[in-house]
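To keep things clear, I will list the structure first and then write my remarks on it.
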Amino acid sequence: MDRYNFELVENKWQKYWDKNKSFISKVDTSKEKFYCLEMFPYPSGKIHMGHVRNYTIGDVLSRYKSMKGFNVLHPMGWDSFGMPAENAAKQNNLNPKVWTEKNISVMKTQLKKLGLSIDWDREISTCSEDYYKHQQLFFLSLYKKGLVYKKENYVNWDPIDETVLANEQVIDGKGWRSGAIVQRKKLSQWFFNISNFSEELLNGLDNLKSWPNKVKTMQKNWIGKSFGCEINFKIQGNLPINAIKCYTTRPDTLFGFSFLAVSVDHPISKFFNENTQFIKFKNECSKTGTTEESIAQGEKIGFNTGLFAVNPLDTEQKVPVYFANFVLMDYGFGAVFGCPAHDQRDLDFALKYNLPVKTVVMPENKDETFKVKKEAYTGPGVIINSNFLNGLKVPNQSINKTIDILEEKQLGKKKINFRLKDWGISRQRYWGCPIPIAYDKDDNVLTVPEDQLPVKLPENIDLNVKGNPLDKAENWKNIKINGKDCIRETDTLDTFVDSSWYFLRFCSPKNKKHGYDLDEINYWMPVDQYIGGVEHAILHLLYSRFFMRAINYKNRNFKITEPFEGLFTQGMVCHETYKDENNNWVSPDEVETEDKKNFYIKKNPSKKVKVGPSESMSKSKKNTIDPEEIINNYGADSVRLFILSDSPPEKDIQWSEQGMVASYKFIQKLWMLHKKFKIRIEENSNNKNEEIAVFINQMIKKINYNLEKFNYNVIVANLYEAYNFLSQKLNVAIDKKTLLDNYIKFLSIISPIIPHFASECLSDLKLNPLQKWPEIDKNLIKEDTVEYVIQINGKKKGTIKCMKDISEEELIEKIKNNQNTKKILESKKIKKSFFVKNRLINILI
RNA sequence: GCCCUCGUGGUGAAAUUGGUAGACACAAAGGACUUAAAAUCCUUGCCCUUUUGGGAGUGCCAGUUCGAGUCUGGCCGAGGGCACCA
């Protein structure tokens with residue numbers, strides 16, 4: 001074959017891998033395991049470039065580890081419950097299952113075309129009964145352990161999707177999927193008691209050595225641990241309220257007490273429910289809470305209760321009690337003590353309502369006349385104007401000391417608070433895992449007996465109803481448990497529950513009895529390398545970490561707490577955006593240019609197109625490139641090569657047609673090189689030449705280093721370098737053994753990246769297409785000459801080649817005598833010199 | 001507002017962790033081959049010098065060091081996360 005025919009070759013090897021079950025994994029305790037997992041896709045229809053990048057990164061790693069002799073588990077499955085299926089089914093009047101299965105089959109074919117080394121025997125789909133049956137069992141087990149409960153509370157209601165959203169799914173007051181403005185609504189909901197594990201989830205982060213710090217910081221902030229103190233403030237006034245409890249992290253500023261503020265949902269609000277002005281105020285608050293946050297710009301508003309709170313450290317001092325919009329009921333006790341001088345929100349509030357601002361902390365470099373005016377002082381310093389607290393150092397001394405005093409006088413208690421709230425898992429949707437719960441006539445909660453699991457979703461259901469279709473499915477809803485008439489729970493589980501344990505299921509996907517098999521998970525878990533988008537930094541990763549602890553809880557057999565040993569978050573794939581004269585998005589394949597300046601619509605060159613910034617590919621901006629089309633045009637190896645080449649995997653990458661073409665050409669050039677190698681090998685020359693061997697061994701060293709560090713873009717550069725070197729060296733005959741040995745090594749190191757091509761070349765030479773990862777021949781890379789950099793007063797003046805390990809004096813002598821370098825030191829007096837062995841010398845003159 | 005990350009040619013980026021800045025690739029310009037184009041290959045890449053050479057240079061300003069893209073402090077800019085969390 002003259003030109004490399006990727007179509008024939010790729011097809012051939014994909015069939016070969018399938019037929020030979022090349023990537024099927026089994027427990028083998030004699031081998032070290034490596035569990036490589038990429039975040040499984042939602043089957044939305046077709047794969048996109050983000051998938052290509054994600055799965056190529058994982059595939060390179062899997063193939064490399066496998067060549068190194070690890071027993072690799074590299075599975076794939078489908079996160080197949082969720083809203084889009086339900087919406088698409090509604091539109092096309094079919095069952096979500098049918099829509100989902102069709103998409104899975106399309107996407108599976110597409111993924112196979114990428115040549116991924118996936119163990120397809122382990123394929124799972126979260127919407128299958130085999131899968132969600134076990135999820136229902138987990139739910140019941142958690143329920144029995146007291147980690148699931150039901151409570152009535154305010155929820156984030158998405159009026160478009162008509163479903164409840166978790167706090168994490170509300171972005172800027174809008175639903176993460178629908179974009180609708182989220183409303184507050186009171187509903188009875190199921191919750192996972194994730195806050196029970198706040199402390200452990202926080203501490204566990206310290207053990208995750210191979211996680212990006214960025215993700216750990218985000219989770220840490222999300223869990224939001226704070227140290228403080230609860231204080232019971234005595235209340236005076238004409239209402240039957242004796243005291244209000246507050247949580248504070250700054251008890252040391254108590255002498256700056258200026259007002260007490262409570263949430264409008266605080267229990268004391270019941271005394272104001274008849275007060276029309278209060279009702280008006282409450283409405284005002286709910287507006288600023290979720291909606292026009294930006295317009296209100298965080299304006300603080302309050303409603304005076306007429307009550308007074310007594311300062312526990314100075315019972316003479318009495319301050320007004322307000323309802324305030326910036327106090328949240330679901331954090332602390334829904335009440336705060338206001339110290340305007342040292343908290344910006346309190347200061348804003350105090351200035352608005354003319355409340356006193358008393359400075360009680362001064363910075364170290366100021367004196368006691370220091371006064372807070374328009375900016376609260378929150379930094380370190382010394383306590384002032386605070387009676388017996390004066391002189392304490394802020395924050396270390398002052399906070400602990402004040403808490404001690406308050407505890408001693410029984411006015412307060414040390415307390416640790418978390419921001420993390422329990423995980424609401426109820427969704428009013430059809431296409432999700434049914435919750436195995438029923439209610440009898442008296443509304444008692446009953447669990448569905450295990451022998452009746454799975455609770456299957458009803459088929460043939462009318463989705464075109466308002467609200468939850470399951471609620472309207474009378475045949476399905478009404479059941480008997482132990483002979484009693486019951487009604488099923490019609491909520492389904494949040495799809496984040498599905499993805500919180502799928503990595504366990506991959507270890508024993510066909511086990512009918514249990515969701516996981518202990519022997520299997522003890523061998524395979526944890527996931528050694530998890531790879532996916534940073535957008536899941538909090539939700540999915542935190543939920544999975546929780547879920548392991550929840551199974552672990554009161555279960556001696558289950559040993560896993562952290563599911564993901566290593567985490568890698570890859571960047572997005574971006575493309576320029578285009579808009580026509582009417583400001584409509586235009587897709588890249590409709591756009592053309594001749595001079596890189598003027599872009600126009602292909603079919604109609606008079607129609608100009610505006611070029612916008614490069615953004616992550618999305619259907620809404622029409623700046624997507626279809627991977628299947630690209631694979632058909634250039635081949636999977638070229639796509640893999642390109643998607644790895646231009647940027648470090650953790651950063652965003654620009655899609656570039658030119659870059660894609662360059663990768664394609666490179667593979668063609670490699671094929672020419674292959675043919676050259678083949679001819680040289682067949683020549684059977686005796687011309688010994690170690691240069692190639694030295695080069696290849698150095699190359700392996702570099703590539704090992706870059707593989708371990710995920711510098712995949714540098715590896716591609718290394719391959720180009722290798723090509724440039726080899727194509728020159730092959731101009732003369734070289735002995736067969738050196739050539740063959742080193743060419744095999746070269747083909748081995750390129751095979752994780754372009755596996756079809758490497759396999760084809762190896763088999764063309766009648767060699768095993770699945771090679772071991774090459775060892776470095778240490779004798780070859782042990783160089784006996786080195787090149788020294790010569791610096792004069794810190795500036796580079798030249799280089800000199802000499803024997804390795806020579807002394808400083810010898811080197812200076814050499815520089816003085818060498819033809820090229822002697823003028824550097826001519827008639828100069830050396831004051832001092834710095835010598836870095838085998839590397840550099842810096843001479844001061 | 002708070003927290004995190006990052007600023008290197010026309011562009012995407014390298015730099016073995018304090019030791020030759022710009023590997024590798026894209027784009028551009030010039031050249032070779034060709035009747036011509038495409039493809040391919042070679043050269044160039046900031047400033048001064050015809051060349052040999054020399055100089056500046058990693059967002060800006062200072063500092064530490066024999067030596068700083070890399071470390072420290074301050075400023076400017078970009079991106080991401082969180083947002084009344086008391």
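No hydrogens, no waters, no symmetry mates; every other heavy atom, side chains included, goes into these values. In this text, all values refer to a predicted model and were calculated from it rather than measured experimentally. Numbers restart at 1 for each chain; the letters A, B, ... are given by sequence-line order, proteins then strands.
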Atom of [X], atom of [Y] and distance for their closest heavy-atom approach:
X	Y	value
A:L202	A:K220	CD1-CG, 3.5 Å
A:G256	A:P340	O-CD, 3.6 Å
A:L208	A:R545	CD1-NE, 4.0 Å
A:G332	A:Y247	CA-CB, 4.2 Å

Whole-Å distance separating the [atom1] atom of [X] from the [atom2] atom of [N]:
X	N	atom1	atom2	value
A:Y723	B:C41	OH	P	7 Å
A:K795	B:C66	NZ	C1'	14 Å
A:K837	B:C66	NZ	P	23 Å
A:Y331	B:C82	OH	P	17 Å
A:F227	B:A86	CZ	P	12 Å
A:N417	B:A86	CG	P	8 Å
A:F834	B:G19	CZ	P	16 Å

Exercise. When rounded to the nearest 0.5 angstrom, what is the spacing between CG in A:N842 and CG in A:N793?
Worked result: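 Here the rounded value is 7.0 Å.
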With [atom1] as the reference atom in both, quote the distance from [N] to [M] in angstrom, rounded to an integer.
N	M	atom1	result
B:A56	B:C41	P	37 Å
B:A38	B:G53	C1'	41 Å
B:U72	B:U5	P	11 Å
B:G67	B:G81	P	42 Å
B:C76	B:A15	C1'	26 Å
B:U8	B:A23	P	16 Å

Looking at the side chain of [X], which of [options] is the nearest nucleotide?
X	options	answer
A:R419	B:C82, B:G55, B:A13	B:C82
A:Q791	B:A83, B:C3, B:U20	B:U20
A:M218	B:G81, B:A83, B:A14	B:G81
A:K214	B:C4, B:A86, B:A14	B:C4
A:T799	B:A83, B:A56, B:U20	B:U20

Phosphate OP1/OP2 of [N]: any [X] side-chain N/O under 4.0 Å:
X	N	value
A:S647	B:A13	yes
A:K651	B:A13	yes
A:K709	B:A15	no
A:K216	B:G81	no
A:K665	B:U40	yes

For this session: For B:U72, measure the glycosidic angle (O4'-C1'-N9-C4 for a purine, O4'-C1'-N1-C2 for a pyrimidine) and name it syn if it falls within 90° of 0, otherwise anti.
Result: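 Anti, which is what one calls it when the glycosidic angle falls more than 90° from 0.
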Exercise. Does B:G54 sit syn or anti, given that only angles within 90° of 0 count as syn?
Worked result: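 Judged by the O4'-C1' to base torsion, B:G54 sits in anti, the angle falling more than 90° away from 0.
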Problem set entry | Residue A:K621 excluded, over 12 heavy atoms near NZ under 6.0 Å |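 Buried by this count: over 12 neighbours within 6.0 Å.
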Seminar exercise, completed: Its contact letters, B for base, S for sugar-phosphate only and - for none at protein heavy atoms under 4.0 Å, make nucleotides 44-49 of chain B read ------
Ionic contact status for [Y] with [X], cut-off 4.0 Å:
X	Y	answer
A:E230	A:K245	yes
A:E199	A:K225	yes
A:K837	A:E808	no

Exercise. Just checking, A:K300 and A:F349: is the charged tip under 6.0 Å from the six-membered ring centre and within 45° of the axis?
Worked result: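 No, cation not above the ring by the 6.0 Å, 45° rule.
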Exercise. When you measure from the centre of the six-membered ring of A:W671, is the NZ or CZ of A:R3 under 6.0 Å away and within 45° of the axis?
Worked result: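 Not flagged: A:R3 not positioned over aromatic ring of A:W671.
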Checking base pairs now: Watson-Crick or wobble, both atom distances under 3.5 Å. What partners [N]?
N	value
B:U52	none
B:A36	none
B:U5	B:A78

Base, sugar-phosphate, or nothing: which does [X] touch, judged by heavy atoms less than 4.0 Å apart?
X	answer
A:V534	nothing
A:K832	nothing
A:L844	sugar-phosphate
A:K701	nothing
A:K797	sugar-phosphate
A:N842	base

Short N/O separations, protein against nucleotides 22-26 of chain B, under 3.5 angstrom:
residue : atom : partner : partner atom : Å
B:A25   : OP1  : A:N724  : ND2          : 3.4

For this session: Please figure out whether A:D343 or A:E787 has its closest RNA chain B nucleotide nearer the 5' end.
Result: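 Nearest nucleotide further toward 5': that of A:E787.
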Problem set entry | Of A:I57, A:I754, A:I715, the residue whose pairing with A:L644 passes side chain to side chain contact (heavy atoms under 4.5 Å, CB included) |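 By the side chain to side chain contact (heavy atoms under 4.5 Å, CB included) criterion, A:L644 pairs with just one of A:I57, A:I754, A:I715: A:I57.
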